[in-house]
Student: 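One structure is given below, represented as structure tokens, and several questions about it will come after.
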2 protein chains.
Amino acid sequence: MTGQGPAASPRRARRSDAQRNEQRLLEAAAAVFVASGVDAPIREIAAEAGVGLGTIYRHFPTRTDLVVAVYGHQVEACAAAGPRLLAEAASPLDALLAWVDRFVDFLITKHGLADALGSDDTGFRQLHAYFLERLVPVCAELLEATERAGQTTPGVDAYELMRGIGNLCIGHESDTRYDPRHMVGLLIRGLRGTAAAPTANP
Amino acid sequence: MTGQGPAASPRRARRSDAQRNEQRLLEAAAAVFVASGVDAPIREIAAEAGVGLGTIYRHFPTRTDLVVAVYGHQVEACAAAGPRLLAEAASPLDALLAWVDRFVDFLITKHGLADALGSDDTGFRQLHAYFLERLVPVCAELLEATERAGQTTPGVDAYELMRGIGNLCIGHESDTRYDPRHMVGLLIRGLRGTAAAPTANP
DNA sequence: GACGATCCGGAACCTTGTTCCGTATCGTCT
DNA sequence: AGACGATACGGAACAAGGTTCCGGATCGTC
């Protein structure tokens, strides 16, 4: 172990133009995602960044890499919010509700993200996987807490719940008659099911 | 009334080869839809039918036309089942449950159909519209009945419910961990909400 | 200043959708 | 039967987007 580099030992540091381009691509991607959605043509992002196609593919081999680079910290923040809410909220159910709200907000706020997660196109499969792998454990924790508190019917799988919520958020743009929040609200209400609130009940 | 043609008076009947080709296309499309999903390349269907690209576009200008031609009668049957169930089932809620079951079965049975309905690709927009226009009224009728019977919380929009159910069915293939029926079940349970069953309850 | 490692740009190729038109076929009329 | 106009056919051609690849420019170091 010579311990000379940040990691193993890339004999040379990254070239400065490479760093610059990565930065430009990140900014361009963020802008294009907002303008045209996360499924915008790669060429459009390359053009916005003033960079060739080869460059974008070298820095971000898959679309997922780009999306994660742009929105990754928000996903992480969402993941981190789970335990925090559980600690701070009045009850596990309140925590779950708040967390789901936050997740839904994130999805429907990012142009085309929900649709992308729902689609099974090549290049979105990995994105799908990333989201689920990152957030399902958090959701599971919240769910277990609500179950233990008797606020939720047991036996609901966190993975399925996350997929369900994500799916419900699909297509909210391009359809003003459909508000995902209504259906997510219904879904969550179904989660409470017959496990009536242990407290008040007229 | 001369009563010579089937309709108004296309001065000539359709050519026999045209009829033959339409038939072939229908059969080919059905086969390809099963094998490769409703989003299979047009060329694949043309090849399967042994016709040129121009021919398929002439007979079925949009993908929707083809899908409706293949699955239309099943959609109609589903639409027709609504009133019948309402008349036959023990309660409006039973009717609604049975009808939703039937709809979900239909969606997850047809390779890629749910995904297609969820996507907002050009050429699937119309399919989406067709399904909703045909089935939302039926769902609305069932929903009103359950509401009147006090088996369902009022204020839920049939259109949103149908979209929600459809969305929940997306991506069930290519993901063995996700069973749409579970989430649809939850959604429907949320529909019943706090409107406790007016009858028996252990 | 030179030289090798790195990185860049975009031409080129693939897949799929869609249009268009020269040509073949059909049905009818003589 | 033969001819002729209406129909229908086939597939070339064009567009859009994804992905690969490599000659050449640039960077960092010696």
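Reckoned from all heavy atoms, side chains included, excluding hydrogens, waters and symmetry mates. Quick note on labels: first sequence line is chain A, next is B, and so on, each numbered from 1. Just so it is clear, the structure is predicted and the values come from calculations on it, not from any experiment.
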Student: Within residues 39-62 of chain A, which residues have any heavy atom lying less than 4.0 Å from an atom of DNA chain D?
Tutor: P41(A), I42(A), R43(A), L53(A), G54(A), Y57(A)

Student: With a 4.0 Å cutoff (strictly under), does any side-chain N or O of R63(B) reach OP1 or OP2 of dG17(C)?
Tutor: yes

Student: Please confirm whether the shortest side-chain N or O distance from N21(A) to OP1 or OP2 of dC7(C) is below 4.0 Å.
Tutor: no

Student: Below 4.0 angstrom, N of the basic side chain to O of the carboxylate: do E22(B) and R14(B) qualify?
Tutor: yes

Student: Could I get the full list of side chain to side chain donor-acceptor pair (under 3.5 Å) partners for D101(A), not counting sequence neighbours?
Tutor: none

Student: Name all residues meeting the side chain to side chain donor-acceptor pair (under 3.5 Å) criterion together with D105(B); count only those two or more places apart in sequence or in a different chain, and write none if there are none.
Tutor: R181(B)

Student: Restricting to side chain to side chain contact (heavy atoms under 4.5 Å, CB included), what partner residues turn up for E44(B), sequence neighbours left out?
Tutor: V32(B), S36(B), A40(B), P41(B)

Student: Going by the rule side chain to side chain donor-acceptor pair (under 3.5 Å), which residues pair with D17(A) if we only count those two or more places apart in sequence or in a different chain?
Tutor: R15(A)

Student: I need the full list of salt bridge (Lys or Arg N to Asp or Glu O under 4.0 Å) pairs touching residues 54-74 of chain A, with sequence neighbours left out, sorted by first then second residue.
Tutor: none

Student: Sequence neighbours excluded and cut-off under 3.5 Å, please list the side-chain donor-acceptor pairs for residues 163-177 of chain B, or say none.
Tutor:
unit_1: R163(B); atom_1: NH1; unit_2: G171(A); atom_2: O; d: 3.4
unit_1: R163(B); atom_1: NH1; unit_2: D175(A); atom_2: OD2; d: 2.9
unit_1: R163(B); atom_1: NH2; unit_2: I170(A); atom_2: O; d: 3.3
unit_1: N167(B); atom_1: ND2; unit_2: N167(A); atom_2: O; d: 3.1
unit_1: N167(B); atom_1: ND2; unit_2: I170(A); atom_2: O; d: 3.0
unit_1: H172(B); atom_1: NE2; unit_2: I108(B); atom_2: O; d: 3.2
unit_1: E173(B); atom_1: OE2; unit_2: G112(B); atom_2: N; d: 2.7
unit_1: D175(B); atom_1: OD1; unit_2: Y159(A); atom_2: OH; d: 3.2
unit_1: D175(B); atom_1: OD1; unit_2: R177(B); atom_2: N; d: 3.0
unit_1: D175(B); atom_1: OD2; unit_2: Y159(A); atom_2: OH; d: 2.4
unit_1: D175(B); atom_1: OD2; unit_2: R163(A); atom_2: NH1; d: 2.9

Student: Considering residues at least two apart in sequence or located in another chain, which fulfil the side chain to side chain contact (heavy atoms under 4.5 Å, CB included) criterion with A89(B)?
Tutor: D94(B), A95(B)

Student: Please list residues of residues 113-125 of chain A whose heavy atoms come under 4.0 Å from any atom in DNA chain C, ordered by number; otherwise none.
Tutor: none

Student: Output all residues satisfying side chain to side chain contact (heavy atoms under 4.5 Å, CB included) with A158(B), sequence neighbours left out; order by chain, then residue number.
Tutor: V136(B), C139(B), A140(B), L143(B)

Student: Report each atom pair, protein N/O against N/O of nucleotides 27-30 of chain D, whose distance is under 3.5 angstrom.
Tutor:
unit_1: dC27(D); atom_1: O4'; unit_2: R15(A); atom_2: NE; d: 3.3
unit_1: dG28(D); atom_1: OP1; unit_2: S16(A); atom_2: N; d: 3.2
unit_1: dG28(D); atom_1: OP1; unit_2: S16(A); atom_2: OG; d: 3.2

Student: Using side chain to side chain contact (heavy atoms under 4.5 Å, CB included) as the criterion, list what pairs up with P83(B), not counting sequence neighbours.
Tutor: V138(B), E141(B)

